[in-house]
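Because only heavy atoms are used, hydrogens play no part in the values below, and waters and symmetry mates are left out as well, while side chains stay in. Naming convention: chains lettered A, B, ... in sequence-line order (proteins, then strands); numbering from 1 in each chain.
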Protein chains: 2
Amino acid sequence: MRIDGEQGARCRECPTRGYCLTNEVLETQLPIVESVFLMSAPLTRGDHLYHAGELADSHFHMRSGVAKTYSINSAGDEFVTGFYLPGEMVGCAQQDGLHTDSAIALETTTVCQLRDEDIGKLTRLGIEANLFKRLSEREYRAAQRQFNLVQDSAEARVAGFFMDLSDRLARLDRYPAVIPLSMSRTDIANYIGLTLATLSRVFAKMTKAGVISASRHEVHILQPADLELIGLHAVS
Amino acid sequence: MRIDGEQGARCRECPTRGYCLTNEVLETQLPIVESVFLMSAPLTRGDHLYHAGELADSHFHMRSGVAKTYSINSAGDEFVTGFYLPGEMVGCAQQDGLHTDSAIALETTTVCQLRDEDIGKLTRLGIEANLFKRLSEREYRAAQRQFNLVQDSAEARVAGFFMDLSDRLARLDRYPAVIPLSMSRTDIANYIGLTLATLSRVFAKMTKAGVISASRHEVHILQPADLELIGLHAVS
DNA sequence: CGTTTGATTGAATCGCCTCAAAGTCTGTGG
DNA sequence: CCACAGACTTTGAGGCGATTCAATCAAACG
């Protein structure tokens, strides 16, 4: 079972208009975009966008809210594979036409669905450049993430996690020093490959050092420079 | 300084024709592809395709050989970010129009260069579907890799590394149980976030267990099922 | 206000890294 | 063809850090 867009997007009212893949499309051509992007009803925390194994004939663009993707391997372990902010694409991980991960809303969220078969309609609007820019950035972020996971210092991983989010918030013109955490500590720990206990210890240590201050649903970056240093602590 | 394609591709003679992004383009339209893909002269081991920081106005498609990408962070540490087989795309990691990693040939290699400005010419040939399929697969593999790095068991990482390569060889219709290793042990260790010493120990252990047999430039997978089990060994 | 879920903290174990030395392979020049 | 130099790889012993397991603590929810 999957969420499907119900109606054409209303781009002019979109809170994420400026950060969309289509943000450079001319006003006069917006109706084309609006007919192709199918806007979902608001999802609430816990609603799935799609499940692993379902037919993947489309992908999604975050319009508002926060989502996470995860997979479950054959041993039954859950792995959180990503968190998604407004403007970002979700549901691209596919194989043989099936979704390889599941996506779930972490708070009230709206998305726009884009069917594969409609992509051609968009490329005629000259968004190829924008699309490639996004994919390149995505690739870059994946490499950054790899960086981060390859180091096995717990502190470096947490620092990298914060910096990535901070950077993506800045991209949305939001204040990069305040990071909202819609996800649980367990999700974060899972995502960066630590145990909950270790993550908690790192939070405590960073707080004590004055680098961050953390509450349950928010982290403030107090010393971004120090955080960056911690994130660089490589192994070899 | 960057390798640039010197002449149009000769797709009909291409050893990787069937695995190219453009493999479904009609024979009659091949000349368009051949005019857009710029084929490089043969690169020898150690030649760079491009360096991090250079202007990224194009990306590359592996035609033959093997390449690796790597970055160097501000602390001076090298990180290997990927290995590339024929048919695969290299040089997509970009930010602000600059390459964020460097790519180097690990053996005699030829590549085709595709300029961003020429992509539009290809989308008119109906390769969008193929392009998206590739990007989705890429996304999927990135997630798999994440899986693998998140587990911090050395054995699981090595197993995952082998399985990924095996899978990609199979995609090229090559025998998936024999994995050629053009890269050094150091590169592999770096790539999967282990030390050379630990990697060596894992090789020894797997060999003793009869799961693989390894020589310097080749690994034979003797027990693929066992290897998969090892790769699943998750943390929690 | 009790219950459940999520987060923190503590003590001991296990595995990877570090440092270091020995061993092997490869290409080169005699 | 052999000897040698250099890079690459394997192997050994000890230390450190993240995990594990468990208990305590805090917060959300009915």
Side-chain angles (χ1 to χ4, degrees), chain A residues 44-46 68 77-80 104 106-107 148-161 179-209 212-219 230 233-236, chain B residues 44-46 68 75 77-80 104 106-108 148-161 180-209 212-219 230-231 233-236:
Chain A
T44 56
R45 179 180 176 84
K68 82 167 185 193
D77 309 304
E78 173 179 335
F79 287 86
V80 175
I104 187 172
L106 294 177
E107 56 183 60
N148 198 245
L149 287 177
V150 156
Q151 1 216 77
D152 39 19
S153 142
E155 270 192 282
R157 290 189 184 190
V158 174
F161 173 72
I179 302 180
L181 302 179
S182 316
M183 66 297 282
S184 67
R185 297 280 195 274
T186 305
D187 279 343
I188 299 175
N190 185 313
Y191 178 60
I192 60 181
L194 299 177
T195 55
L196 177 56
T198 302
L199 180 72
S200 189
R201 279 182 246 271
V202 172
F203 270 59
K205 185 173 175 187
M206 285 184 171
T207 302
K208 190 167 290 175
I212 63 168
S213 72
S215 67
R216 186 179 283 242
H217 291 297
E218 213 172 75
V219 163
I230 295 172
H233 246 298
V235 267
S236 63
Chain B
T44 55
R45 180 179 175 83
K68 82 168 186 193
D77 309 304
E78 173 178 336
F79 288 86
V80 176
I104 188 172
L106 294 178
E107 56 182 57
T108 303
N148 198 243
L149 286 178
V150 155
Q151 357 216 77
D152 39 19
S153 141
E155 268 192 282
R157 289 190 183 190
V158 174
F161 173 72
L181 300 178
S182 318
M183 67 295 281
S184 67
R185 298 279 195 274
T186 306
D187 279 341
I188 299 174
N190 183 314
Y191 178 61
I192 60 181
L194 298 176
T195 55
L196 178 56
T198 302
L199 179 74
S200 187
R201 278 181 246 271
V202 172
F203 270 59
K205 186 173 175 187
M206 285 184 170
T207 301
K208 190 166 293 175
I212 63 169
S213 73
S215 67
R216 185 178 284 238
H217 291 298
E218 212 171 75
V219 163
I230 295 172
H233 245 296
V235 267
S236 63

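Put simply, CE on B:Met183 is 16 Å from C1' on D:dT9, counting in whole angstrom units. Rounded to an integer number of Å, the gap from A:Gln151 CD to D:dG17 P is 16 Å. Put simply, CG on B:Leu194 is 11 Å from P on C:dT18, counting in whole angstrom units. When rounded to the nearest whole Å, the span between CZ of B:Arg157 and C1' of C:dG15 equals 12 Å. Taking atom CG of B:Asn190 as the reference point, atom C1' of C:dC17 lies 15 Å away to the nearest angstrom. Straight-line distance from the CZ atom of B:Arg216 to the P atom of D:dT10: 8 Å, rounded to whole Å. Rounding to whole angstrom units, CG of residue A:Leu196 and C1' of C:dG6 are separated by 8 Å. Distance, B:Lys205 NZ to D:dT10 C1': 17 Å, rounded to whole Å.
Between the B:Asn190 side chain and the B:Glu78 main chain, a donor and an acceptor come within less than 3.5 Å of each other. In terms of modelled atom types and a separation under 3.5 Å, the side chain of B:Ser200 and the main chain of B:Leu196 share no donor-acceptor contact. A distance-only check finds a donor-acceptor pair linking the side chain of A:Arg157 to the backbone of A:Gly193 [under 3.5 Å]. Remark: the backbone N or O of A:Arg216 is paired with a side-chain donor or acceptor of A:Arg185 at under 3.5 angstrom.
Taking only side-chain nitrogens and oxygens, B:Arg185 comes nearer than 4.0 Å to OP1 or OP2 of D:dT10. Between D:dT19 and A:Thr195, a contact under 4.0 Å exists linking OP1 or OP2 to a side-chain N or O. In this structure, A:Thr198 does not reach the D:dA18 phosphate: none of its side-chain N or O atoms is under 4.0 Å from OP1 or OP2.
With hydrogens and angles left out, the side chain of A:Arg201 and the base of D:dT20 share a donor-acceptor pair within 3.5 Å.
Taking for each of A:Leu199 and B:Ala204 the nucleotide of DNA chain D with the nearest heavy atom, the 5'-most of the two is the partner of B:Ala204. Residue A:Ala154 is the one, among A:His217 and A:Ala154, whose nearest nucleotide of DNA chain D lies closer to the 5' end (criterion: closest heavy atom). Along DNA chain C, the nucleotide nearest A:Thr186 and the nucleotide nearest B:Glu155 are compared for position; the residue whose nucleotide lies closer to the 5' end is A:Thr186.
Taken to the nearest 0.5 Å, the CD atom of B:Glu155 stands 5.0 Å off from the CD1 atom of B:Ile230.
Using a 4.0 Å heavy-atom distance criterion, A:Ala197 is classed as a base contact.
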